[in-house]
Amino acid sequence: MQTGTISVQTENIFPIIKKFLYSDHEIFLRELVSNAVDATTKLQALARSGEVKGEIGDTHIEVICESDAKRIIIRDRGIGMTSDEVQKYLNQIAFSSAGEFLEKYKDNSIIGHFGLGFYSAFMVADKVEVVTRSWQEGAEAVRWTCAGDPSFSIETVEKEERGTDVILYINEENNSFLDQHRLEGLLEKYCKFLPIPIQFGTKTEYKTVGEGEEQKEESTEVPNIINDTNPLWKRQPVDLQDADYLAFYRQTHPMAPEPMFWIHLNIDYPFNLTGVLYFPKLGNAMEVTRNKIHLYSNQVFVTDDVRDIVPEWLLLLHGVIDSPDIPLNVSRSYLQADGNVKKISEYITRKVADKLNELFKNDRPSYEQKWRDLGVFVKYGVISDKKFEERAMNFTLVENTQGAFFLLDEYKEKIKTNQTDKHGKVVVIYTNDPEAHNAQITAATGRGYDVLRLETVLDNHWIQHIEYQQGQLGLVFVRVDSETLDNLVQKDEKRESILSEAEQNDVKSLFETAVKGQVGASVTLSPLAPDDAPVLITRPEFMRRLKEMQSMQGMGGMGDFPDSYNVVVNTNHPIIVNKLLKISESAEKEQMSKYLLNLALLQQGMLRGEALTGFVQATLGKI
């Protein structure tokens with residue numbers, strides 16, 4: 001038996017490995033199974049080059065859990081190691097055999113990039129044994145043993161099969177990894193799509209045999225292979241049907257509704273990237289989740305936090321991306337700054353824009369049907385990404401209250417005749433709640449105006465963005481309840497009031513008394529058309545929009561202030577002119593003013609609590 005000291009810079013390397021190398025101890029399983037895959041991939045490469053003579057036989061990997069013995073074994077039938085290679089690769093931390101092999105066989109996919117992966121075993125084990133036999137003819141099998149300190153031993157042993165067993169003697173602190181269900185769950189998480197079959201025990205399969213009265217069900221124990229060695233994203237799109245993409249989506253996102261469509265990523269220059277990204281049905285939701293896109297490196301799961309690769313607005317998508325060219329730190333858990341990351345981000349953005357543009361051009365009616373589920377995503381991209389915005393203006397839609405869809409430049413052409421104000425701006429009138437604004441929408445469309453539906457959580461920001469970043473369009477947005485009908489599109493025309501100045505002062509005084517105690521309310525008089533409402537509630541566009549944006553961003557300031565609104569009294573309405581001002585009793589005048597105010601508030605959904613209860617009771621009392 002040979003003994004020695006592992007070549008490291010400091011004898012404190014093992015405590016460092018145990019505490020700081022990996023963010024989660026469970027990573028040990030990914031690293032050791034990945035090493036087994038590397039060893040098998042190397043053997044296959046040697047066989048293809050003719051260096052290994054004859055058939056290489058079964059190459060599946062086994063993960064064996066011996067709970068009673070407190071051992072986990074990772075067994076491969078790969079390239080194995082000689083005694084010299086054990087000395088070279090296991091006793092010199094951070095010297096990765098994968099790097100050396102990749103240099104020699106550049107056309108083959110080798111997962112490992114660091115020599116530290118093997119040492120993750122010491123995070124969970126008091127002792128590690130490696131029993132290995134090289135593929136080389138005449139090679140002797142050896143056992144390497146280390147108890148988590150810089151000392152080790154190597155001895156010659158008997159081993160019939162080529163390959164390597166890594167045997168972990170699990171410590172008390174980590175004995176939860178000896179639970180069969182937990183171990184299988186970790187294999188599902190990290191190794192589900194590795195390119196070599198991985199067996200974890202056996203499973204029972206049932207089949208019906210015989211016919212008629214002789215028919216019976218038989219059970220058979222078969223290997224429990226936990227991974228799909230040829231996942232969908234590694235296959236060519238021409239070989240796949242829609243059903244294949246949907247089946248893969250259900251496998252990776254079992255609780256999600258079916259996606260609207262998807263893009264298949266496949267590029268090998270100037271970087272290597274494959275993957276599939278799905279467009280979920282978002283509706284009016286904008287939940288940016290951190291775990292819907294999974295990052296793989298050569299089919300090894302790395303992370304579900306891809307913020308450094310995928311722009312935040314694209315995190316609304318679901319799916320998988322796989323790239324060996326994304327630089328990872330030694331634990332393969334975090335991304336490192338690199339020019340390829342930016343290129344990959346730009347490529348994904350471009351592919352998303354291409355897909356949306358293709359859908360719009362090839363089948364606009366179908367694209368329009370999807371818009372209510374797609375709009376939040378596209379608008380988020382427009383706000384967040386200048387390059388995407390430039391392309392997105394060709395497929396960003398708006399929908400009016402009649403259910404018709406338009407590109408922004410198409411919509412401008414539609415409304416510019418009726419809705420251009422005295423400053424030459426084209427006024428886009430919109431609602432964020434068609435039900436609540438029904439009266440205002442009816443009045444606006446009756447005047448010949450068109451009203452858009454802008455009711456997603458992002459529309460306030462999107463409106464602001466379009467007004468300032470797409471200034472060449474010359475559009476200004478006003479909500480349908482932000483002004484009286486005469487002032488939604490400001491013109492030079494002026495309507496005269498039929499009331500005298502003294503009568504107007506009397507009316508204003510009455511309504512100022514009526515709104516007393518209502519925070520944020522102010523009274524204005526306006527000579528509207530006689531068939532407009534006697535009293536209207538308007539919410540000034542600028543102040544309301546600013547408050548809503550600050551509230552959405554979680555900012556204080558104006559978000560803490562109550563809503564401000566205008567009580568607009570129509571001085572040309574018959575009820576004001578012929579009824580209110582004709583009442584002689586002051587108390588009765590005040591009562592009618594209050595009633596008209598409450599009607600206006602009720603129409604806006606602003607009459608609540610005691611005020612609403614009192615209004616209903618007073619109304620019932622008059623019947």
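For the single chain, residues carry numbers from 1 onward in sequence order.
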Give a yes or no answer on whether the side chain of [X] reaches the backbone of [Y] with a donor-acceptor pair at less than 3.5 Å.
X: His318; Y: Pro280; result: no
X: Asp322; Y: Thr274; result: no
X: Thr59; Y: Thr40; result: no
X: Arg133; Y: Lys159; result: yes
X: Asp76; Y: Thr164; result: yes
X: Ser297; Y: Val300; result: no
X: Tyr245; Y: Tyr278; result: no
X: Arg77; Y: His60; result: yes
X: Arg30; Y: Phe301; result: yes
X: Lys370; Y: Met260; result: no

Subject >> Verdict with reasoning, Leu314 to Phe388, per side chain to side chain contact (heavy atoms under 4.5 Å, CB included) >> reply: CA-CA 11 Å; Leu314 286 176; Phe388 179 78; over 6 Å; no
**OP:** Could you please spell out the steps behind the salt bridge (charged side-chain N to carboxylate O under 4.0 Å, His left out) verdict for Glu258 and Lys281?
**Re:** CA-CA 8 Å; Glu258 287 199 351; Lys281 294 177 180 178; over 6 Å; no
Examine the side chains of [X] and [Y] and answer whether a donor and an acceptor come within less than 3.5 Å of each other.
X: Asn174; Y: Asn171; answer: yes
X: Glu173; Y: His25; answer: no
X: Thr456; Y: Asp459; answer: yes
X: Gln299; Y: Asn227; answer: no
X: His181; Y: Asp179; answer: no
X: Gln472; Y: Gln470; answer: yes

Subject >> Shortest non-hydrogen separation from Glu31 to Ser120 and the atoms involved >> reply: CB-OG, 3.5 Å
**OP:** Please lay out, stage by stage, how Val310 and Leu277 fare under the test side chain to side chain contact (heavy atoms under 4.5 Å, CB included).
**Re:** CA-CA 11 Å; Val310 176; Leu277 292 177; over 6 Å; no
Regarding [X] and [Y], does a basic nitrogen lie under 4.0 Å from an acidic carboxylate oxygen?
X: Arg364; Y: Glu368; answer: yes
X: Glu389; Y: Lys386; answer: yes
X: Glu161; Y: Arg75; answer: no

**OP:** Would you sort out whether Trp144 and Phe118 count as a ring pair (Phe, Tyr, Trp, His ring centres under 6.0 Å), showing the intermediate values?
**Re:** CA-CA 13 Å; Trp144 176 94; Phe118 166 74; 5.6 Å; yes
Subject >> Among Phe360, Phe279, Phe261, ring pair (Phe, Tyr, Trp, His ring centres under 6.0 Å) partner for Tyr367 >> reply: Phe360
Reported [atom1]-to-[atom2] distance for the pair [X] and [Y], which is rounded to 0.5 angstrom:
X: Asp165; Y: Ile74; atom1: CG; atom2: CD1; result: 9.5 Å
X: Glu390; Y: Lys387; atom1: CD; atom2: NZ; result: 8.0 Å
X: Thr41; Y: Ile196; atom1: OG1; atom2: CD1; result: 4.5 Å
X: Ile72; Y: Ile170; atom1: CD1; atom2: CD1; result: 4.0 Å
X: Ser34; Y: Leu29; atom1: OG; atom2: CG; result: 9.0 Å
X: Lys351; Y: Ile267; atom1: NZ; atom2: CD1; result: 8.5 Å

**OP:** For this output row, return yes or no: ring centroids of Tyr249 and Trp262 closer than 6.0 angstrom.
**Re:** no
Subject >> is_close_aromatic(Phe28, Phe177), centroid dist under 6.0 Å >> reply: yes
**OP:** Determine, stepwise, if the pair Glu399 / Arg372 fulfils side chain to side chain contact (heavy atoms under 4.5 Å, CB included).
**Re:** CA-CA 9 Å; Glu399 179 189 4; Arg372 289 191 185 180; 2.5 Å; yes
**OP:** Carefully, step by step, assess Tyr190 and Glu26 under the rule side chain to side chain contact (heavy atoms under 4.5 Å, CB included).
**Re:** CA-CA 10 Å; Tyr190 290 109; Glu26 67 186 37; 2.6 Å; yes
